[in-house]
There are 2 protein chains.
Amino acid sequence: MDDAVNERRGPDTDAAKLSRATVRRLSQYLRSLGSSDRAGGTVSSLDLARSVGVSAAQVRRDLAALGHLGQRGIGYDAAALATAIRRTLGIDRTWRAVLVGVGNLARALLRYRGFHDQGFFIVGLFDADPAKIGQTIDGLTVESSASIPIRVAELQAELGILTVPSEHAQPVAESLIAGGVKGILNFAPVLLRTPDRVRVVAVDLAIQLEQLAFRVQHADPGPDL
Amino acid sequence: MDDAVNERRGPDTDAAKLSRATVRRLSQYLRSLGSSDRAGGTVSSLDLARSVGVSAAQVRRDLAALGHLGQRGIGYDAAALATAIRRTLGIDRTWRAVLVGVGNLARALLRYRGFHDQGFFIVGLFDADPAKIGQTIDGLTVESSASIPIRVAELQAELGILTVPSEHAQPVAESLIAGGVKGILNFAPVLLRTPDRVRVVAVDLAIQLEQLAFRVQHADPGPDL
DNA sequence: CGTTGTGAACTCATTCACAGCT
DNA sequence: AGCTGTGAATGAGTTCACAACG
């Protein structure tokens, strides 16, 4: 652990080893850095800890994993830290994504500023409903789900966002994979079976509400978020 | 650990002790039980494990925490298990929620079947935009955000769902709390400061996409979901 | 048999506490 | 003085492996 990390694009500080939880917090630190645009240019682990709701030791442990970014006695350079986190997360570039299932949720995601702010661009829209095909939303024309494999490849999309009803999720996922996507953000409450090379992140909104109900019910203490 | 658990509404098997992770999985087991309505009436830990994407030992450990629900050599009675999970999660009753910030995301949540299926009812809609106030959506009239404290109390809502821009999240949360909500589902990417008695669950959609980017970038192995 | 429930081992994650640099 | 980086201690969560039971 004593490797002088001088290269700007070096051996990546072994980012693949970061825990799931650490990676999630990195996103949060990044959000905090972006919003409270500190003129001074430096943040302390305690600053970040407070704005994200974790301990300062946790922040230091997380950031130490990215390399030697802090200055003892001073703190972290906000801009450099943001850059390092972006690089680690893999969002120091743009990602092209397609969205399948054009309902209200899809519309919400399309307009969600947080996405293009972080370099995610929706480049294609698909739906199985003939009534929706051909409609234009935010400059994109809704195409038939049948054309997903070909069009995803043409559009060079690496990510797919699934906002279709549960029963269509698996087949649509398969056509996205046939088109070459490497990752799927799945809003349908089902487990997708995918090849190992394709990563899936699931967001189940009903589950979130159930978690909330549980905690209210039992007045569970512990950190928010 | 030998207490005969005979009462139907007994000491609740100390549900408050369940870990965050266990509670999340309980929701998933419940989802799986609901969809694959097994006629036979029994499920094994392996069945559940496969449909949710965890190990069978994990399932047994989780379910054992709810009491002695399984029959050795047989499995779990699906209906009884679903009932026990619902009771533990606190969704063996209905919950009244209000929604603040009437954008596309709110519309998506309003129509989301998963919510009323699990006993969550949206009973009020609020927005700060005068152009939206007075509109009717799904039988609910959008009211002014200014009226939140009074109206939330009148409506007897226990939960609030926040789909407002980040900068309004904190003040709106405070007015919800003034109205008496005990839990908030927050879609704004900021940490809410709330009294200890008010529970918060945060859902940050941009963070989910960033997690996906990270995993695709590093071809991270490990379980999906 | 088949399947649960669970002690014990193990792995992963967080906090403590302080040496080390600025 | 202030704040990071990190070994050591602790705690949480998961898997192993098997006895217990229908």
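The structure presented is a predicted model; accordingly, all values stated were derived computationally and were not measured. The figures that follow rest on heavy atoms only: side chains count, while hydrogens, waters and symmetry mates do not. Every chain is numbered from 1 and lettered A, B, ... according to where its sequence line falls, protein lines coming before strand lines.
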Quiz item: Which whole-number value in Å describes the distance from A:L63 CG to D:dC3 P?
Solution: 15 Å
Exercise. Ignoring hydrogens and angles, state whether a donor on the side chain of B:D77 or B:T42 is under 3.5 Å from an acceptor on the partner side chain.
Key: no
Quiz prompt | Length of the line joining B:L66:CG and C:dT6:P, which is rounded to integer Å | solution = 12 Å
Quiz item: Which whole-number value in Å describes the distance from A:D47 CG to D:dC3 C1'?
Solution: 11 Å
Quiz prompt | Test ring-ring contact (aromatic ring centres under 6.0 Å, His included) applied to B:F120 and B:H116, step by step | solution = CA-CA 5 Å; B:F120 294 98; B:H116 14 317; over 10 Å; no
Exercise. Considering just the side-chain nitrogens and oxygens of A:S55, establish if one lies under 4.0 Å of OP1 or OP2 belonging to C:dT14.
Key: no
Quiz item: Would you say the side chain of A:R61 and the base of C:dT15 hold a donor-acceptor pair, judged only by whether the two atoms sit under 3.5 Å apart?
Solution: yes
Quiz item: What's the CZ-C1' distance between A:R60 and D:dG2, to the nearest Å?
Solution: 11 Å
Quiz item: OP1, OP2 of C:dT3 versus side-chain N and O of B:S45: anything below 4.0 Å?
Solution: no
Quiz prompt | Electrostatic pair B:E158:A:R215 at N-O distance under 4.0 angstrom | solution = no
Quiz item: In whole Å, what is the span from the CG atom of A:L18 to the C1' atom of C:dA13?
Solution: 13 Å
Quiz item: Just to confirm, is there a sub-4.0 Å distance from OP1 or OP2 of D:dG22 to any side-chain nitrogen or oxygen of B:Y76?
Solution: no
Self-check item: Shortest non-hydrogen contact between B:A106 and B:T163, atoms and distance
Solution: CB-OG1, 3.8 Å
Practice problem: Nearest-nucleotide wise, let me know which of B:A57 and A:T22 is further upstream toward the 5' end of DNA chain C. | Solution: B:A57
Quiz item: For the pair made of CG in A:D62 and P in C:dA13, what is the distance, rounded to whole Å?
Solution: 11 Å
Quiz item: What is the distance from CD of B:Q58 to C1' of C:dC10, rounded to the nearest Å?
Solution: 14 Å
Quiz item: Given C:dT14, D:dT6, C:dT3, which nucleotide is nearest the side-chain atoms of B:S44?
Solution: C:dT3
Quiz item: To the nearest angstrom, how far is A:H68 atom NE2 from C:dG20 atom C1'?
Solution: 13 Å
Quiz prompt | Any A:Q71 side-chain N or O less than 4.0 Å from OP1/OP2 of C:dT22 | solution = no
Quiz item: Does a sphere of radius 6.0 Å around CZ in A:R96 hold more than 12 heavy atoms from other residues, nucleotides or ligands, not counting ones at 6.0 Å or beyond?
Solution: yes
Exercise. Determine the contact category for B:L46: base if any of its heavy atoms lies under 4.0 Å from a base atom, sugar-phosphate if only primed atoms, P, OP1 or OP2 are that close, otherwise nothing.
Key: nothing
Quiz prompt | Check: C:dT3 base within 3.5 Å donor-acceptor of B:R72 side chain | solution = no
